[in-house]
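Structure, as structure tokens:
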Amino acid sequence: QRDRENQRDRETERQSDRETETLTHKRGLWRKTTTKLGMNVDQLEQTLPSVREEVQDRPVECFAISNLTGAGVDGVNPGDGGCREVQRQSREPKSDRLDEEWLDVTDQCNVAIRQLHPGQMIHGPNFTLQDAMSVIELGDPKMDIGAGSRIRIQDCPVPLLLTTDQIILVCDRLLACIVTWLESHLLPQTVFTCVYLFNLDKIDHPGLRCFCKVSIALVGLSFDAIAAAAISEDEDFIRHAFGFSLESLSEDHVKELLREGLLFINPNDTSPQGEGISSRLEFLSSFYLALLRLVRGKTQQDLRVAEAFLRVAAGNLREMGANIFPGSESQDELAPGFYPDLNKHLLPVAPPRTHKILSRKTAFQMLETWTLNLSKISRGLDVPLYGATTIVSNPSTLTSLSVLSHVARYLAQDNPSILSRSILKNWLITSQRSFLFDSSRTWERLVAMDINFSEDEPYVSESECVVKLTPLVTRLALNLCKNRGRARRRLLNFLEVWDRMVHNIVKQCQCPSRENVHRFCTRVANFVVEQHVLLGFDCELYSSGEMCSVYAFLAHLKQFDSRVTSEEHPTPLNGTRLMESTFNEGTLWLYRAMRTFFIWMEETGLLPNQSAGGAERAMTYDLRFEAIGRRTFGPPYFSYDQFTDLKRSLTYQGESAIGELLRESETLLGFAKRNFDSSMRLCREGAMFTEFHRLFTLSDANMKSCARLRRAVNEPLKRCSIEFSVHNHFPLIKLHDG
């Protein structure tokens, strides 16, 4: 009993010593801190409540005052970087004690807060706002991608005794993972959740083994193509391999694997399951071989072979999509050999991306679209490659502006994936390709043809202005291959660079065709402005109330461009330039028709959001167009006052003019229709023909709608609506009863 009493006395003494030491330490800390803040100890002690001495969960080694706005704390001079350490107290752990003593400085911080100015904060010396933006809540399954169970590869069972239906399910799931990965998701969360990819030697079925090997090679080849193009953004593609082996296969190796896989399948098996495995093997092999030619090829023959492989792949894909089996799409997640938690240790410490794997039906639809886009590129019918073989023999058939126009129309029609855009960019700009651009001077030759230099003139290659303009033109082509949102922003930045640099180039130009150089630079600026405005439709930036001003601005721009083009080509045009001239004239009529029709809709009150005042509309108009309109090279700025004067001139006769607006729209649409019909006669295939046909169909349908509206003036007005279902940049006028 005496021993227990003595032990209690010793513990009481030690506790008293610790309390005294803690209080002495805190008084010293307060004294040093308040001295820096310009307060004495008595004032601070009167302000502070009773000292809390309970043990806290986290030690506080230091705190600092950050001067974020330049204003200082009383008595504190901000140091370098706007941060001044007020006090640093660290307590070294004692070796003879298991418990660490913690300090609570909440009250001190509360006092310091009263001395802070707006924009200042208290933080530790290693704190940065950039790191704080990436903070995640540990253990939250929505934020912490590393939370939960983790599975090692050696602990994952590898199902080997698979039925035919299960093999088909694995193949479809793996294709869906590849498509999901190319839609800007992470490899560890998509493709490499399949345990078969880590155990290729254990797979007994030759068909499944072939499919897995070619899948890895396809991922590696796609990764190389996108990385080489260097046009992807984070929203397009994640350029991180996470240490996975992504070796590509040669064409002979793939054909040998395909042969082994097909030999294992009974050729007399005509059941859906037997044909399902063979069609998937043939599709993946054909798609990979086509992509291999497009990525590693250098000649026109490579493009032709790639197009042949893509035709085979498209046929196999149709067979795969005709019967999605086994069972319904609810079985997609039941594919054996897929473990979502397999690679959690490889995921970055950052807010995660959603990684829901696409369904088989959606994946097949996207693969069909990608196959079609790649087939268009390989055939050269939807990009300017189709005229490349005539560059040397007849250079006037293709110019740099025609190349840019073809690329812009192709991208606007199909909105291709990052893989298709990367291949397109590599073939257009990379100098190693011997098919289209076999040397760095080929783009210079195209620019020279735009300036009306003849190939026989000796100063084409030596012209300093051509050499300086060519890198800017190729940079413009690269910007067009970006995704739509990035491309629109890059075009605005490019316009500023073009206006600044070209001004000096033209000023120093000493070639005989200096006026042609100036006209070419103006046409390029017009092209950039037009594409910037049109991409606003693709990005869905314009409201219904802005449509009239947008088409009025485009009509003004196209009219100025047509005048510059007519001055540039006073002589009769050849077939290609005549086709482009006719198309541009038809586009001008269509811009005017849409402008007039939307003026009619405004006058009749059919457009929403018309309550804004004139000052607000003028501000919106200037914010939309002033940055791109006031340029040295380009049309005079079409101001808001000019726009309102144009509307007033069309409606100055009052109510009688409102009915005439429909008649004028109908007439303008007729002019556009005839020009597009003439353009189709000059070009009977390819992306240009598709564009002409779409605009011809739209002009004809809108002309009939305007005629019906005009004849129904005295009848109950039909409900009128617009929708961008036929073309991304021009609406279709639809009438509804009621």
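The neighbour count for Met366 CE, taken as heavy atoms of other residues, nucleotides or ligands under 6.0 Å away, is above 12. Environment of CD in Glu723: crowded, with over 12 heavy atoms of neighbouring residues, nucleotides or ligands closer than 6.0 Å.
The shortest non-hydrogen separation linking Arg595 to Ala555 is NH1-CB, 4.4 Å. Pairing each heavy atom of Thr474 with each of Pro471, the nearest pair is OG1-O, 2.8 Å. Closest approach of Thr582 and Asn675 over heavy atoms only: CG2-O, 3.3 Å. Scanning all heavy atoms of the two residues, the minimum distance from His556 to Pro636 falls at NE2-O, 2.8 Å. The shortest heavy-atom contact between Ala225 and Asn426 is O-ND2, 3.5 Å. For the pair Arg421 and Cys481, the tightest heavy-atom approach, listed with the atom from each and the gap, is NH1-O, 2.8 Å.
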Inset, instruction - Would you check, one step at a time, whether the test side-chain contact (heavy atoms from CB on, under 4.5 Å) holds for Tyr621 with Glu626? - result: CA-CA 8 Å; Tyr621 183 94; Glu626 188 174 14; over 6 Å; no
Inset, instruction - Starting from the C-alpha separation in whole Å, work towards a yes-or-no answer on ring-ring contact (aromatic ring centres under 6.0 Å, His included) for Phe730 and Phe537. - result: CA-CA 9 Å; Phe730 298 98; Phe537 289 102; 7.5 Å; no
Inset, instruction - For the pair Leu541 and Arg488, evaluate side-chain contact (heavy atoms from CB on, under 4.5 Å) and give the outcome as yes or no after the intermediate values. - result: CA-CA 11 Å; Leu541 298 180; Arg488 188 174 187 272; 3.4 Å; yes
Inset, instruction - Could you check Thr180 against Gln189 for side-chain contact (heavy atoms from CB on, under 4.5 Å), going step by step and ending with a plain yes or no? - result: CA-CA 10 Å; Thr180 306; Gln189 292 178 304; over 6 Å; no
Inset, instruction - Go through Arg519 and Asn516 one step at a time and tell me if the side chain to side chain donor-acceptor pair (under 3.5 Å) criterion holds. - result: CA-CA 5 Å; Arg519 279 193 288 266; Asn516 289 343; 2.4 Å; yes
Inset, instruction - Determine, stepwise, if the pair Ser405 / Glu580 fulfils side-chain contact (heavy atoms from CB on, under 4.5 Å). - result: CA-CA 10 Å; Ser405 300; Glu580 294 179 355; 5.7 Å; no
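Here the side chains of Trp600 and Thr604 are in contact, with some heavy-atom distance below 4.5 Å. The shortest side-chain heavy-atom distance between Leu411 and Arg484 does not fall under the 4.5 Å cut-off. Here the side chains of His240 and Leu186 are not in contact, with every heavy-atom distance at 4.5 Å or above. Proximity of Leu732 to Asn702: side-chain heavy atoms (C-beta onward) are separated by under 4.5 Å at one or more points. Considering only heavy atoms from C-beta on, Pro731 stays 4.5 Å or farther from Phe597 through its side chain. Annotation: side chain of Leu291 is in contact with side chain of Ile423 (closest heavy-atom distance under 4.5 Å). Considering only heavy atoms from C-beta on, Asp236 stays 4.5 Å or farther from Ile226 through its side chain. Looking only at side-chain heavy atoms (C-beta outward), Val502 and Trp498 come within less than 4.5 Å of each other.
Between Tyr591 and Tyr551, the angle of the ring planes lies from 30° to 60°, which puts this pair in the tilted group. The aromatic rings of Phe625 and Phe553 lie parallel to each other, with less than 30° between the two planes, well short of the 60° mark. Under the 30°/60° scheme for interplanar angles, the aromatic rings of Phe696 and His693 are found to be tilted. Ring geometry for Phe676 against Phe583 counts as tilted: the plane angle lies between 30° and 60°, on a 0 to 90° scale.
Distance check, rounded to the nearest 0.5 Å: OG of Ser417 to CD of Glu183 gives 7.5 Å. Rounding to the nearest 0.5 Å gives a distance of 10.5 Å between CD of Gln365 and CG of Leu358. In this structure, CG in Leu187 is found 12.0 Å from NE2 in His185, a value given to the nearest 0.5 Å. Between Leu590 atom CG and Phe671 atom CZ the span is 13.5 Å, to the nearest 0.5 Å. Here the CZ-NE2 distance, from Arg489 to His532, works out to 10.5 Å after rounding to the nearest 0.5 Å. The CD1 atom of Ile733 sits 10.0 Å away from the OG atom of Ser721 when rounded to the nearest 0.5 Å.
Residues Tyr637 and Asp622 bring a donor and an acceptor atom of their side chains to less than 3.5 Å of each other. Side chain to side chain, Glu691 and His727 meet the donor-acceptor criterion of an N or O pair below 3.5 Å.
Residue Val528 is tested with Leu491, Leu480, Leu404, Asn479 for a side chain to side chain contact (heavy atoms under 4.5 Å, CB included); the sole match is Leu491.
Using a 4.0 Å cut-off between charged side-chain N and carboxylate O, Lys673 and Glu585 make no salt bridge. Taking 4.0 Å as the cut-off between side-chain N and carboxylate O, Glu664 and Arg592 do not count as a salt-bridged pair. The pair Arg674-Asp677 does not count as a salt bridge, with every side-chain nitrogen at least 4.0 angstrom from each carboxylate oxygen.
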